[in-house]
J.: 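Have a look at this one.
All values derive from a computational prediction rather than experimental measurement. In what follows, chains are A, B, ... by sequence order, proteins preceding strands, each numbered from 1.
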Amino acid sequence: MTEPVLTVTSLVKRFGPVVAVDEVSFELMPGACLGIVGESGSGKTTIARVLAGLERPTSGTVTLAGEVVRDHSRRARRWRARQLQMIFQDPYGSFDPRQSIARSIAEPLRLHRPGARERHRARVEELLDQVGLDARAGAALPRELSGGQRQRAAIARALAIEPRVLVLDEAVAALDVSIQAQILTLLDDLRRGTGIAYVFVSHDLAVVRHVTDTAIVMRHGRVVERGETGRILRSPQHPYTRLLLDSIPAPGWDLDRVARDRRALDPHPAHGESSCSTSTT
Amino acid sequence: MLMDKETTARPDERDVLGISRLGLAVGSGERATPLLAGVTVRVGRGETVGLVGESGSGKSLTARTALGMLPPGARATGRVTVSGVDVLAAGRRTLRDLRRTRVSMIFQDPRASINPVRRIGDYLTEGLRARGVPARAAAGQALDLLDRVGIRDPRAAVRRYPHQFSGGMLQRVVIAGALSTEPELLLADEPTTALDVTTQAEVVGLLRNLQRDHGTGMLFVTHDLDLAAAVCDRVYVMYAGRIVEEAPGASLFAAPAHPYTKALLEASPSVHGDKAAIKAIAGRPRSLAESPSGCSFRDRCPLAGDDCAERVPAHRPHGASATACLRPEQVMP
């Protein structure tokens, strides 16, 4: 039997008194795609940041490619970066504005795979081609590219050192529908072609349905439902998952029911998005 | 002077918003950059009308002209009337009056449209006081408004500052402010885009109920085709500074009559029905200035032929739609 490439066990992350992530566990098989669904304050982004090593968990373990991630030494971080890369909603902030796209893509290569400049250049060309960017886009500065092109470039950079896991945090949320479809198609093709596994963090159930095989639904830091994505959407078990589904606009949208169900789920809104801080101050 | 126009408005102008053949360009002569061309949009009393498009399609620009807000240095052609007032010809005083009493606008980010260092109560009474409502009465109305948009404990809320509210709650406050003047027209520019899905449903429900109670006409600007189809009586689809299709909200999904509408539908993943493969549209959305001659969509359109380059297709009826396409019969859902 194949081993999971990523295992998260009883993960807890506290920020002061706030429990952002509460006892979350999941597994990701090689080449699979797991969705983490939730609204703001659900803890989904915190999980992504813990996976990428941007936050240290309060307790719980992350096992990556068979090794428990403990150490935060320089070497350990490099090792982790070779296994797992992250894509953000707006990659603009993660590119050096004064450096060409091609140079940015070559950076992880220089760091992780020292070698001849020629070889790097050839690999960058290959990567650009893989994500559907031409040489002109490679020579451009980040600000000269459109949002969709920048997201392609971010994907190319993440793929440069052939990680086993890609964590995508709302990676298509800021894109126009037609561009979003292009990026989703690209992600699909890449997964088929390279066997890379995705952790796909998103608030958008339609997108999650399209991309992922399994999913966890999160609310207030906890997993409220998990399973095969198609099953979750077909027959949601938890009232919150049902509320999420009912909240999606559709012909014959029953807004009053959504409002009622939401209130029923949160009778004493003392925390989270549904309450304003008027009740806490 | 300009006020005369208001009183002499033709009696048949029942629409709260009438935009006809609107063109917009910045710069002049050779260097002019066109932004909008031939945009015709109407919103009837109490009607909800959607304006849908991707970035650069000109949907926000169109909505803003209803308030007389043009980009700096822009020249407009065509006609824009709000409750019979000619907005493009209006002077500053008429515009100010219009914004104060007849038209309100809600933006995507409530934090950007509300003064962070002033209390919610001040925000809500400002518009009322400007209309001459006495201070005490205005304060009472503010409480009433907050109650109507579902804010618990309005008395405490009026004393709080914007940062003490979540995005969804603050958007309710902004809606309360927008409705305080009982406008005839509400311009909602992506009012729920920054909100969580469950919050979006509540805010949309709120907008719809309030609008129903007051008979306010609403122009609902959004990039979300599903949302527009679910909420709006009629939907205009914009592409590259032009309206390419107009259809009743209900029939937009069943029978798109423009290849762009169809492509948008096919590119959006859905949670309903069978899982269908999404089809990406090649290329990227254009602005009017960079779009090709003739039909703006023709370089991305699977149905395009040589005749599409000749001139901008006129709107023609097809099914329940009016579409700017030469071959609407070939657009199958």
J.: Work out which heavy atom in A201(B) is nearest to a heavy atom in V258(A); give both atom names and the distance.
T.: CB-CG1, 3.5 Å

J.: Would you mind checking which part of A282(B) comes under 4.5 Å of any heavy atom in chain A, side chain (CB onward), backbone (N, CA, C, O), both or neither?
T.: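 Just its backbone gets close to chain A.
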
J.: If you draw a 6.0 Å radius around CZ in R14(A), do more than 12 non-hydrogen atoms from other residues or ligands fall strictly inside?
T.: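 At most 12 heavy atoms, drawn from other residues, nucleotides or ligands, come within 6.0 Å of this atom.
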
J.: Return the minimal non-hydrogen interatomic distance between V207(A) and P269(B), and the atom names on each side.
T.: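 Here V207(A) and P269(B) meet closest at CG2-CG, 3.8 Å.
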
J.: At their closest point, which heavy atom of W253(A) faces which heavy atom of R208(B), and how far apart are they?
T.: O-NH2, 4.0 Å

J.: What do you reckon, is CZ of R222(A) surrounded by more than 12 foreign heavy atoms closer than 6.0 Å?
T.: no

J.: Going from CG on N209(B) to CG on L255(A), what distance comes out if it is rounded to the nearest 0.5 angstrom?
T.: 8.0 Å

J.: Which atoms form the tightest heavy-atom contact between R209(A) and S270(B), and what is the distance?
T.: NH1-O, 2.7 Å

J.: Is it the side chain or the backbone of D246(A) that comes within 4.5 Å of chain B heavy atoms, both, or neither?
T.: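 Neither part.
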
J.: Locate the shortest heavy-atom distance separating T198(B) from E39(A); write the atom from each residue and the value.
T.: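 Of all heavy-atom pairs spanning T198(B) and E39(A), the closest is OG1-OE2, 2.7 Å.
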
J.: Could you name the residues of residues 167-189 of chain A that have a heavy atom within less than 4.5 Å of a heavy atom in chain B?
T.: D176(A), V177(A), S178(A), I179(A), Q180(A), A181(A), Q182(A), L184(A), T185(A)

J.: At a heavy-atom distance under 4.5 Å, which candidate from G150(B), A277(B), A229(B), A230(B) has the highest pair count against chain A?
T.: A230(B)

J.: Name the region of R172(B), side chain, backbone, both or neither, that has any atom closer than 4.5 Å to a heavy atom of chain A.
T.: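 Neither the backbone nor the side chain of R172(B) comes within 4.5 Å of chain A.
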
J.: Do D226(B) and I248(A) come within less than 4.5 Å of each other through their side chains, counting heavy atoms only?
T.: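 Counting from C-beta outward, D226(B) and I248(A) never come under 4.5 Å.
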
J.: With rounding to the nearest 0.5 angstrom, report the CD to CZ distance, E202(B) to R263(A).
T.: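 Atom-to-atom, E202(B):CD and R263(A):CZ are 5.0 Å apart.
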
